[in-house]
Number of protein chains: 2
Amino acid sequence: MKQGHVEDKRHLRSLITRQKLLEAAREVFLEVGFQKATISQMIKKANIGYGTAYVHFEGKEDLLIVLMEDVMQRFYKIAETSFRPKSRQEAEEIIYTQVKSFLLMAEAEQDMMQIFEQAIGISSLVSDKWKTIREKFIQRISQDIAYAQQSGLARAELDHEIVARSWFFTNEMYLWEFVRKEHHRSVEEIAKTITSIYVTGLYI
Amino acid sequence: MKQGHVEDKRHLRSLITRQKLLEAAREVFLEVGFQKATISQMIKKANIGYGTAYVHFEGKEDLLIVLMEDVMQRFYKIAETSFRPKSRQEAEEIIYTQVKSFLLMAEAEQDMMQIFEQAIGISSLVSDKWKTIREKFIQRISQDIAYAQQSGLARAELDHEIVARSWFFTNEMYLWEFVRKEHHRSVEEIAKTITSIYVTGLYI
């Protein structure tokens, strides 16, 4: 019993240290960008021991990847919403809401997403992680398309994986435009237009 | 007359030096990648004087940008082909041919495109240049869509610029997949599927 208690406490302390370091990493990345950030700055800011820090993370790339997974998990929740449309119109409504939420979240998470974009360009570790995240989205979209095809709502002759990739690519590129504040249109206008093309192109 | 002759010769020599340096830059980039390449290696390989080289280019980024413009000019020729369809079917044929040529060229130029992708990630100068090139493509596609809308072939209620961006994004992302050899499908299969969604979505 006592042994277990000690281990629990140790485990808890370890989790807190990890969380402190992640929070510090986030702040350092936002302050100086990915390239200039160092793990030493993060350790100092988190006020933890060097050895302890390296138990959790090998370098700043690992820290960034955890932060990226965390943010992208929130995006993924949007893609994961139930997709069981009974009609083409219902499909269009669900998809429009998904695209709109996706782009609004890109705006909301703008600062961290800018750091992610830098890191994807520079680090192959981060870039590989981004590709894995992208594939997860594409697989999910692919399933939704297959469902619509099986229900007779979508054109069955189209390869659902190619369609899913192409659809995600459009969304992703608009996401980066919103992250960079390069858009001159509203989220709603873009979501409406791209959804209309996509649904008209895919659905019967 | 004599003065002019001397100037012509000087100008010609200058052009040759520039060309030699560009050729050497291309080779060095392909050998060691963008990050590790140095302008010194290029100057040595081109066998020209340091001072002469710097008259033409300030750094390796400038050299890469010229090489990128050159390759992308070939891509742009595809986008520039005349677009005066008389029917939806004709539009689909032209667009299919454009997408196919675009992706085949990505395969053909794979090695240099890989260098460009690295450089876009690392250098903001190169990344800005890429954005300028992208806008040129989007403007051209936008014109084509506007033409189809004016001819009554395409849905007039859609914003042609948003549609053009979204269409270019899909093409660009597949381009990078072919550059990275990440595709598991043939160029034809992808071109056919994405063209079908796009034309069905946009045309009447």
Side-chain angles (χ1 to χ4, degrees), chain A residues 33-35 92 99 103 117-124 126-128 130-131 134-135 138 145 154-155 157-177 180 182-204, chain B residues 33-35 92 99 103 117-124 126-128 130-131 134-135 138 145 154-155 157-177 180 182-204:
Chain A
F34 176 73
Q35 188 139 36
E92 182 152 0
V99 177
L103 295 179
E117 194 184 21
Q118 287 169 24
I120 291 167
I122 298 168
S123 151
S124 60
V126 178
S127 148
D128 285 346
W130 180 255
K131 282 178 203 162
R134 177 190 285 153
E135 288 309 315
I138 291 170
I145 297 172
R155 295 163 61 200
E157 73 273 23
L158 298 170
D159 181 298
H160 54 89
E161 214 221 304
I162 298 179
V163 176
R165 286 193 112 58
S166 135
W167 177 234
F168 185 73
F169 289 161
T170 289
N171 281 275
E172 181 183 340
M173 294 296 272
Y174 269 115
L175 173 148
W176 294 123
E177 290 208 342
R180 288 184 222 110
E182 277 170 359
H183 57 290
H184 313 286
R185 308 307 181 83
S186 70
V187 162
E188 286 77 10
E189 211 181 343
I190 289 169
K192 205 178 131 244
T193 306
I194 66 178
T195 302
S196 174
I197 290 266
Y198 174 65
V199 171
T200 309
L202 176 59
Y203 283 74
I204 293 161
Chain B
F34 176 74
Q35 188 139 34
E92 182 153 2
V99 178
L103 296 179
E117 194 184 20
Q118 286 169 26
I120 291 167
I122 299 168
S123 150
S124 60
V126 178
S127 148
D128 286 345
W130 180 255
K131 282 178 203 160
R134 178 189 285 152
E135 289 308 316
I138 291 170
I145 297 172
R155 294 164 62 200
E157 72 273 23
L158 298 170
D159 181 297
H160 53 90
E161 215 221 302
I162 298 179
V163 176
R165 286 194 113 59
S166 134
W167 177 233
F168 184 73
F169 290 161
T170 289
N171 281 274
E172 181 183 338
M173 294 295 272
Y174 268 116
L175 172 146
W176 293 122
E177 291 209 340
R180 289 185 221 111
E182 278 169 0
H183 56 291
H184 314 286
R185 308 305 181 83
S186 70
V187 163
E188 287 76 10
E189 210 179 344
I190 288 169
K192 207 178 130 244
T193 306
I194 65 177
T195 302
S196 174
I197 289 267
Y198 174 64
V199 171
T200 308
L202 175 60
Y203 284 74
I204 294 159

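The chains referred to below are lettered A, B, ... by the order of the sequence lines, with proteins before strands, and numbering in each begins at 1.
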What distance separates B:Glu117 CD from B:Arg180 CZ, expressed to the nearest 0.5 Å? 4.0 Å

So for B:Glu157, is it side chain, backbone, both, or neither that comes closer than 4.5 Å to the heavy atoms of chain A? neither

At a heavy-atom distance under 4.5 Å, which candidate from A:Ile197, A:Ile162, A:Ile194 has the highest pair count against chain B? A:Ile162

For chain A, the option from B:Ser127, B:Ala119, B:Gly201, B:Ser196 that forms the most heavy-atom pairs under 4.5 Å: B:Gly201

B:Val199, B:Ile120, B:Val163, B:Thr170: which one forms the most heavy-atom pairs within less than 4.5 Å of chain A? B:Thr170

A:Glu188 vs A:Lys192, salt bridge (Lys or Arg N to Asp or Glu O under 4.0 Å): CA-CA, chis, key distance, verdict: CA-CA 6 Å; A:Glu188 286 77 10; A:Lys192 205 178 131 244; over 6 Å; no

Are B:Thr200 and A:Arg155 side-chain neighbours, meaning at least one heavy-atom pair lies under 4.5 Å? yes

Which bit of B:Glu177 comes within less than 4.5 Å of chain A, counting heavy atoms only: side chain, backbone, both or neither? side chain

Pick from B:Leu202, B:Leu158, B:Ile122, B:Asp159: which one has the most heavy-atom pairs with chain A under 4.5 Å? B:Asp159

Taking everything shown except A:Gln35 itself, do over 12 heavy atoms lie less than 6.0 Å from its CD? no

Side chain, backbone, both or neither of B:Glu182 within contact of chain A (heavy atoms, under 4.5 Å): side chain

Is the A:Tyr174 ring parallel, tilted or perpendicular to the B:Phe169 ring (thresholds 30°, 60°)? perpendicular

Please flag which part of B:Lys131 lies under 4.5 Å from any non-hydrogen atom of chain A: side chain, backbone, both or neither. side chain

Inter- and intrachain pairs under salt bridge (charged side-chain N to carboxylate O under 4.0 Å, His left out), touching residues 193-204 of chain A, at least two apart: none

Tell me, for A:Arg165 versus chain B, whether the close heavy atoms (under 4.5 Å) come from the side chain, the backbone, both or neither. both

Is there a side-chain contact between A:Ser123 and A:Phe34, using heavy atoms and a 4.5 Å cut-off? yes

